[in-house]
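Numbers restart at 1 for each chain; the letters A, B, ... are given by sequence-line order, proteins then strands. What you see is a predicted model, and the numbers here were worked out from it, not measured in a lab.
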There are 2 protein chains.
Amino acid sequence: MLKLTKKADYGLMALKYLAEHPETPALSAKDVADAYGIPAQLLAKILQRLTKTGLLRSHAGMNGGYALARDARQISAYEVILAIDGPFFITSCTRGAKSCELTPSCTIKEPLARVNDTIAGVLKSISIHDLADREHGDAAAARDRQGLVTLTV
Amino acid sequence: MLKLTKKADYGLMALKYLAEHPETPALSAKDVADAYGIPAQLLAKILQRLTKTGLLRSHAGMNGGYALARDARQISAYEVILAIDGPFFITSCTRGAKSCELTPSCTIKEPLARVNDTIAGVLKSISIHDLADREHGDAAAARDRQGLVTLTV
DNA sequence: CTATATAGGACCGTTCAAGTCGTATATTTG
DNA sequence: CAAATATACGACTTGAACGGTCCTATATAG
């Protein structure tokens, strides 16, 4: 429980891979799938979804494939997960939902909604660029050393 | 996705309810279930599990039931979720696991493991007491005002 | 002894993630 | 043009996990 779906995992891995190969104009779903040993057809659908939500740009035909629609720094893990898995909520009953099935009995939701927000905040603070090139001495590495994101719950 | 199971939800609600009724020596699973409209048998098994993990103390027979084994301040949401749903990990491949199926292809896991730790940290910082009595002017309310927990990612 | 509880195993239905298949369409290249 | 390569997309299958019920055994208060 509290798991990312494999699709979201695959999506993040694929975007990271694309971010690591900025020289190539486009990489096919098969290219990426082979690189990670992911089912190609499944990854294709994931990338199609990311294209529809505007995170990727696609090009059909030979030598076609996918490329990041924006700079890797401008794409957050949150966006990717949201695009693939849809909105996530820790609790069954959301704060936004007008009425939970157990209303008003479910008094637990308000505090947990804040946990939810915290998680979202963390995911928003992580970019595809952070996932890639973690070994280089850049912002991501600096974050490693002394902690960049500070959240208040 | 990234959802708590209903069982964990129920467990948190039940503990909160117990924390709100410190005067009664014990509340039966049925009492709590009725209070929230939760299936009694299901809740019973959840409470049994929490008893086995030491978060609750049980007493069979008439006027029996469950009571918190510790002060509500000393029981974290993390413990409850862990007891009910087992260890949770954001990614399929854990940092602890010696080899993920995709090793070494899954290069995404390290950054996400830190997200995982962050979430765990947030859940550890929330006690059953925080869930209950949120309206009273205590630590929980103070936390509302200016933020208590500060995490570094 | 009886009513009320916990304890716990067996079982079932539904849902959903994960993956496959098939087909239509676009595009490059020979 | 034709063939090869890709995206686009809907339908389908399979397996596991969640949510929930049922049944039985045991403990205990009155």
Name the pairs: protein N/O against N/O of nucleotides 5-9 of chain C, kept only if under 3.5 Å.
| unit_1 | atom_1 | unit_2 | atom_2 | d |
| --- | --- | --- | --- | --- |
| dA5(C) | O4' | Gly61(B) | O | 2.9 |
| dT6(C) | OP1 | Ala29(B) | N | 2.9 |
| dT6(C) | O3' | Ser58(B) | OG | 3.3 |
| dA7(C) | OP1 | Ser58(B) | OG | 2.6 |
| dA7(C) | OP2 | Tyr66(B) | OH | 3.0 |
| dA7(C) | N7 | Gln48(B) | NE2 | 3.2 |

Check whether any side-chain N or O of Arg73(B) sits under 3.5 Å from a backbone N or O of Ser127(B) as a donor-acceptor pair, and report yes or no. no
When the distance from CG of Leu4(A) to C1' of dA18(C) is rounded to whole Å, what number comes out? 15 Å
Whether Tyr10(B) contacts dG19(D) is assessed here as follows: a side-chain N or O lying under 4.0 Å from the phosphate OP1 or OP2. Is that the case? no
Examine distances only and state if a side-chain atom of Glu79(B) and a backbone atom of Ser76(B) form a donor-acceptor pair shorter than 3.5 Å. yes
Rounded interatomic separation in angstrom, taking CG from Leu43(A) and P from dA8(D): 12 Å
Distance check needed: dA18(C) P versus Lys6(A) NZ, whole Å only. 7 Å
Over how many whole Å does the gap from Leu42(A) atom CG to dT7(D) atom C1' extend? 15 Å
In this structure, how many angstroms lie between the P atom of dC18(D) and the CD1 atom of Ile81(B), rounded? 14 Å
How about Val115(B) and Leu112(B): do any of their side-chain heavy atoms sit closer than 4.5 Å? yes
Any side-chain heavy atom of Thr118(B) within less than 4.5 Å of one from Ile119(A)? no
Take the protein atom CD1 of Ile46(B) and the nucleotide atom C1' of dG20(D), then report the distance between them rounded to whole Å. 10 Å
Separation of dG19(D) C1' from Lys3(B) NZ (nearest whole Å): 14 Å
With side chains defined as the heavy atoms from C-beta onward, is the minimum distance between Asp31(A) and Thr24(A) less than 4.5 Å? no
Rounded to the nearest 0.5 Å, the NZ atom of Lys7(B) sits from the CG atom of Leu43(B) at a distance of 12.0 Å
Write down the distance between NZ (Lys7(A)) and P (dT20(C)), rounded to a whole number of angstrom. 12 Å
